[in-house]
There are 2 protein chains.
Amino acid sequence: MLNNRYDVSQETRKRILAIIEELGYAPNHLARSLRMGQTKTIGVVISDVSNPFFGSVISGIENILREEGYCVLLYNANEDAQREEEVFKVLLERRVDGVIITPVDESNFSALLSLLQKANIPCVFLARYAKNIPVSYVIADDLLGSFLATEHLLKKGHKRILYLGGPPFLTTSQERIQGYKKALEQYGLPSDENLIKPSRAKMEDGYKIVKEALFQKLEFTAIASFNDYLAFGALRALRENGLSVPRDVAVVGYDDVEFASISWVPLTTVRMPKYELGVEAAKILLSHIRGEAESIKKVVLKPKLIVRSST
Amino acid sequence: MLNNRYDVSQETRKRILAIIEELGYAPNHLARSLRMGQTKTIGVVISDVSNPFFGSVISGIENILREEGYCVLLYNANEDAQREEEVFKVLLERRVDGVIITPVDESNFSALLSLLQKANIPCVFLARYAKNIPVSYVIADDLLGSFLATEHLLKKGHKRILYLGGPPFLTTSQERIQGYKKALEQYGLPSDENLIKPSRAKMEDGYKIVKEALFQKLEFTAIASFNDYLAFGALRALRENGLSVPRDVAVVGYDDVEFASISWVPLTTVRMPKYELGVEAAKILLSHIRGEAESIKKVVLKPKLIVRSST
DNA sequence: CTGTTAGCGCCTTCAA
DNA sequence: TTGAAGGCGCTAACAG
């Protein structure tokens, strides 16, 4: 009866279901998992849960997994490599069917991965990856995004574009600079290293760099940025100097944070496909779990240029 | 040996541990849970994971629970009452030791709760609650927060304070208006209903309301708001009308969203204790699980006034 | 077609 | 001190 047999009369069935409900019976998923050798649970390890970026990512992951009857066991590595390491033990003990992780520290990756592989637990990296580690991942195409942003400015006729860069050690920073340079190159323009300013990517950095550039009478008619915060800082500096955006100087950001659309000058920027990153990671993981795809999958999502009033 | 006995020589122990590591052995937590009748897992049901507010909340929850060896099974109700209902079945099947929930729909609450109670699973409501349902909850004191914001303006000598309100049907909106009125009353000032403007609480609303108020030559020297977005809109309207903040008009927001500190005029606002909400909810739940606190606990956290340059 | 049973891996109890 | 056995609740296989 409990397995949906046919030879039970409607009334009996109804009665039994009523009793089930009344008793509050629910099949014990633990026992089932133990017996079946699968928990229908995915470990999701996030480098920093309180970062708004990952809210959408998790939402994407959860939506796909839930449809397939999977649950999310959530861990917050809190940008701490040691905590990330600890998590793996729990993941193994709890016999998760798979892992999605936004990794913190590259130095751990291979060791941790081999742990999972030994236990035959598939894993997908999200948003970050390491070149020499054989594992599926899904990332956004930073080079392309930055290329699109720069190209957008070039199409508007700008020739000297100040670039507000991020921390040089981040691969993301490097790729975005690449994209900027590639666009210039494609338009037959030289890339002037004086126009490229690395920073810690805070709003104050954008503000200071632009202030300084204006003071030095550095020649530029547009600004591209590693992220939206730098662009916000730039907007403020420009305004303080009585410059109009986009008439005197055009500005593009990167990420499309919540505030980009409602800042005093709505910001043209590049939207990271946050939700889609989660969705794709979950899909890849499921295909690994089902054994459909033994080989490693690399998915690179396309970011999208969002044109607003700052250009 | 595996249970940490004393009578094993150091070398043997080391050797065995090495083998354990080599084999990739990890105790099966499922079997343990089945046997022990507790899963060391907490169901966390969030009304909308992609809302940045809940990132910090989850972080707080996770930090406390992890210390005690608990894991977080995360669900996203996605502001959908039906999905919220479905989740409970899974929670029961998976035999979670407790539940923390930011509930979506009041109409479901009592039915769902009795389901949990029947299974003897303690539950804590977070951020929202329903008056007539006997369950522990942790919320922030909206009345107090709004009182503090308004009082701050009153102390600065403002007497006519425009209030940008939120959606009237939200208890949060109502409580914040209460706080505003209470402060006025305490300072012996009448509360002029013309100065209270409900809205959908978007930035445009703040902008339009202030524009309109200025156009109508409504008399006010300060603005208090239901949330930071309304305040941002107000700032923009003031600037467009050539008014200086805080010299001509002072402005306070509510929530302390990420951008409040870096907006063009850094915003005085009321900080919601997001992280602390999570921490408290987790602590209460743990005390229920341990049987330390049979009775219902109600925790009301104090929000904090953050003074910046807009006042 | 129905009912019984073994065993998933652990912890606890009891016996040796 | 150590070892063996029972049972948590489920499913799959097998016997009646």
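Here the side chain of A:Ser287 pairs no donor or acceptor atom with the backbone of A:Glu292 at under 3.5 angstrom. Panel note: side chain A:Lys40, backbone A:Glu68; a donor-acceptor pair is recorded below 3.5 Å. Side-chain N or O atoms of A:Asp97 include one that pairs as donor or acceptor with a backbone N or O of A:Thr39 at under 3.5 Å.
For the ring-ring contact (aromatic ring centres under 6.0 Å, His included) condition, no pair includes a residue of residues 69-95 of chain B, sequence neighbours left out. Screening residues 89-145 of chain B for ring-ring contact (aromatic ring centres under 6.0 Å, His included) gives B:Phe109-B:Phe125, B:Tyr129-B:Tyr137 as the qualifying pairs, with residues at least two apart or on separate chains.
Residues from residues 65-73 of chain B that place a heavy atom under 4.0 Å from any atom of DNA chain C: there are none.
With sequence neighbours left out, the side chain to side chain contact (heavy atoms under 4.5 Å, CB included) criterion links A:Asp80 to A:Gln82, A:Arg83.
When each of B:Leu277, B:Ile139, B:Val279 is paired with B:Leu301, the side chain to side chain contact (heavy atoms under 4.5 Å, CB included) condition holds for B:Leu277 and for no other.
Between B:Asn76 and B:Leu74, the closest side-chain pair of non-hydrogen atoms is not below 4.5 Å.
For the helix from C:dC1-D:dG16 to C:dA16-D:dT1, the end axes, each set by the C1' atoms of five terminal pairs, are bent relative to each other by 60° (nearest 10°).
A:Tyr229 and A:Asp255 share no donor-acceptor pair across their side chains, judged by distance under 3.5 Å alone.
Under 4.0 Å is where a charged nitrogen must lie from a carboxylate oxygen, and between B:Lys274 and B:Glu258 no such pair does.
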Could you pull out the protein-nucleic contacts involving nucleotides 8-10 of chain D (nitrogen or oxygen on both sides, under 3.5 Å)?
residue : atom : partner : partner atom : Å
D:dG9   : N2   : A:Ala31 : O            : 3.4
D:dC10  : OP1  : A:Tyr25 : OH           : 2.9
D:dC10  : OP1  : A:Asn28 : N            : 2.7

